[in-house]
Asker: 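Structure in structure tokens, see below.
The structure displayed is predicted, hence computed values, not measured ones. Order of appearance sets the numbers: ligands from 1, and atoms from 1 within every ligand.
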Amino acid sequence: MRLQTVCFVIFVTAVFGADVDNETLVTFPKDFKLGAATASYQIEGGWNEDGKGVNIWDTLTHERSQLVVDKSSGDVADDSYHLYMEDVQLLKNMGAQIYRFSISWARILPEGHDNKVNQAGIDYYNKLIDALLDNEIEPMVTMYHWDLPQTLQDLGGWPNRELAKYSENYARVLFKNFGDRVKLWLTFNEPLTFMDAYASETGMAPSIDTPGIGDYLAAHTVILAHANIYRMYEREFKADQQGEVGIALNIHWCEPVTNSTEDVEACERYQQFNLGIYAHPIFSEEGDYPSVLKARVDANSAAENYTTSRLPKFTPDEVDFIRGTHDFLGLNFYTAVTGAGGVEGEPPSRYRDAGAIISQDPDWPESASSWLRVVPWGFRKELNWIANEYGNPPIFITENGFSDYGGLNDTDRVLYYTEHLKEMLKAIHIDEVNVVGYTAWSLVDNFEWLRGYTERFGIHEVNFNDPSRPRVPKESAKVLTEIFKTRRIPERFLD
Ligand code: GBH
């Protein structure tokens with residue numbers, strides 16, 4: 001940020017920031033959008049119905065089911081392929097303004113390529129989108145939430161750079177068919193998570209063990225794919241459709257274990273290696289990967305006797321092409337970690353390249369998920385870090401949520417939501433971070449990837465033993481309903 005801007009921001013904050021009254025502080029801004037989120041493979045089922053092609057999660061759950069803790073699959077899941085009207089009804093009951101869902105690539109393009117479009121897939125999403133709009137719920141569409149068509153995996157998956165072109169062709173089919181009604185698009189969900197699917201043979205699909213190499217190749221293709229899609233929308237659709245295109249990135253806040261320079265810098269590197277790897281090329285003014293990422297991967301590669309760096313390079317033209325390809329930043333925020341200076345992890349690996357010892361504070365409250373502890377203040381800090389690093393872009397909270405082992409009386413989840421929303425409102429009203437919307441993860445209990453149906457993130461309970469998959473509101477759904485309808489944090493949750 002330029003010095004003038006910094007001074008202006010300090011001045012504005014000093015004059016207005018401190019002056020937020022208590023009522024404003026717990027109230028959502030007028031245009032702020034509230035709703036809930038899901039993803040295709042986690043809820044749809046209908047895995048082989050009406051011409052859908054096979055994707056990498058079908059393959060993993062069918063052929064390597066030992067990787068899923070309860071050996072379950074998304075074959076039926078919440079059966080939203082048939083029961084989508086029930087999902088719409090839940091959203092309507094809650095007073096949700098927006099629903100974030102994802103489209104199954106292989107349901108639209110069974111073989112991954114755009115030569116063959118599956119009309120039944122188009123019809124399904126048309127029905128869902130129309131039902132949402134009939135109920136005044138805005139659709140927000142994720143184009144890719146991890147369910148890659150198997151045919152494209154057979155070509156190498158994301159490390160194959162041709163996928164940047166195939167993604168653009170897929171996205172064009174979506175804009176053509178749905179862009180008249182869908183105005184909010186996310187190209188990718190959590191590329192940080194699915195790049196890791198190329199760093200371990202027991203990780204998410206496709207579970208390929210090429211750490212420190214395949215994961216960086218995947219990231220590189222995804223960034224190019226995102227930019228291709230954004231630029232193609234600009235050229236071919238934007239004037240007509242007037243929509244917005246973003247990307248959903250995930251990050252944990254990193255709290256340095258001490259305030260020593262080593263620990264503070266370790267957390268800074270953590271942010272750059274996990275968020276900056278995607279956000280810097282797209283959202284920063286200078287573009288390209290963060291310099292600390294380039295320097296460290298290049299140096300480690302040389303030290304490990306690789307002639308060329310394990311981190312692919314963008315050409316100057318590519319840097320310019322990618323820079324600025326955003327209308328907003330989607331943020332999935334769940335938890336925090338602690339960071340200390342030091343190097344651990346096997347060479348080669350992204351974890352080792354980052355040069356930070358990452359852990360969690362045992363005092364932070366737990367959830368059912370090993371990685372998720374409850375650290376609401378980390379949310380406010382992360383939002384400020386992003387606003388400061390990338391010039392305060394519009395941020396849409398695309399995911400935020402808590403896991404337990406099930407049950408309607410989910411007091412811990414209620415507390416998770418109210419505390420995180422309060423921290424987010426402080427970031428908005430006191431820190432003037434430009435947060436524009438929030439979708440809770442998740443509308444319904446669903447297939448939690450390698451954790452199967454054991455860890456529950458839903459605000460509605462689903463009985464997966466009942467063929468009719470009944471959805472029942474948990475306490476958290478009731479509290480969020482109250483929040484969505486009153487557009488403020490209820491008095492009883494304020495201290
Ligand atoms: C999101 O990922 C996903 O977008 C969503 O589909 C998912 O259901 C939701 O969160 C809840 O998990 O098992 O210790 O190896 C959140 C980021 C990245 C968290 C991968 C879990 C695996 C940790 N996730 N991570 S571990």
Asker: Can you give me a line-by-line list of nitrogen or oxygen pairs between ligand 1 and the protein shorter than 3.5 Å?
Answerer:
unit_1, atom_1, unit_2, atom_2, d
ligand 1, 2 (O), E190, OE1, 2.8
ligand 1, 2 (O), E190, OE2, 3.0
ligand 1, 4 (O), H145, NE2, 3.3
ligand 1, 4 (O), N189, ND2, 3.0
ligand 1, 4 (O), E190, OE2, 3.4
ligand 1, 4 (O), E399, OE1, 3.0
ligand 1, 4 (O), E399, OE2, 2.9
ligand 1, 6 (O), Q42, OE1, 2.8
ligand 1, 6 (O), H145, NE2, 2.8
ligand 1, 6 (O), W449, NE1, 2.9
ligand 1, 8 (O), Q42, NE2, 2.9
ligand 1, 8 (O), W441, NE1, 3.2
ligand 1, 8 (O), E448, OE1, 2.7
ligand 1, 10 (O), Y334, OH, 3.1
ligand 1, 10 (O), E399, OE1, 3.3
ligand 1, 12 (O), E448, OE2, 2.5

Asker: What do you reckon, are the aromatic ring centroids of W441 and H145 less than 6.0 Å apart?
Answerer: yes
Asker: Applying side chain to side chain contact (heavy atoms under 4.5 Å, CB included), can you list everything that pairs with P159, at least two apart in sequence or on another chain?
Answerer: Y198, L217, A218
Asker: Counting the benzene-type ring for Trp, do Y166 and W105 have ring centres under 6.0 Å apart?
Answerer: no
Asker: For L90 versus L443, what's the shortest heavy-atom pair and its separation?
Answerer: CB-CD1, 4.2 Å
Asker: Grab the two heavy atoms, one from A248 and one from T398, that are nearest each other, plus how far apart they are.
Answerer: CB-OG1, 3.7 Å
Asker: Would you indicate whether the side-chain heavy atoms of L67 and S207 approach each other to under 4.5 Å?
Answerer: yes
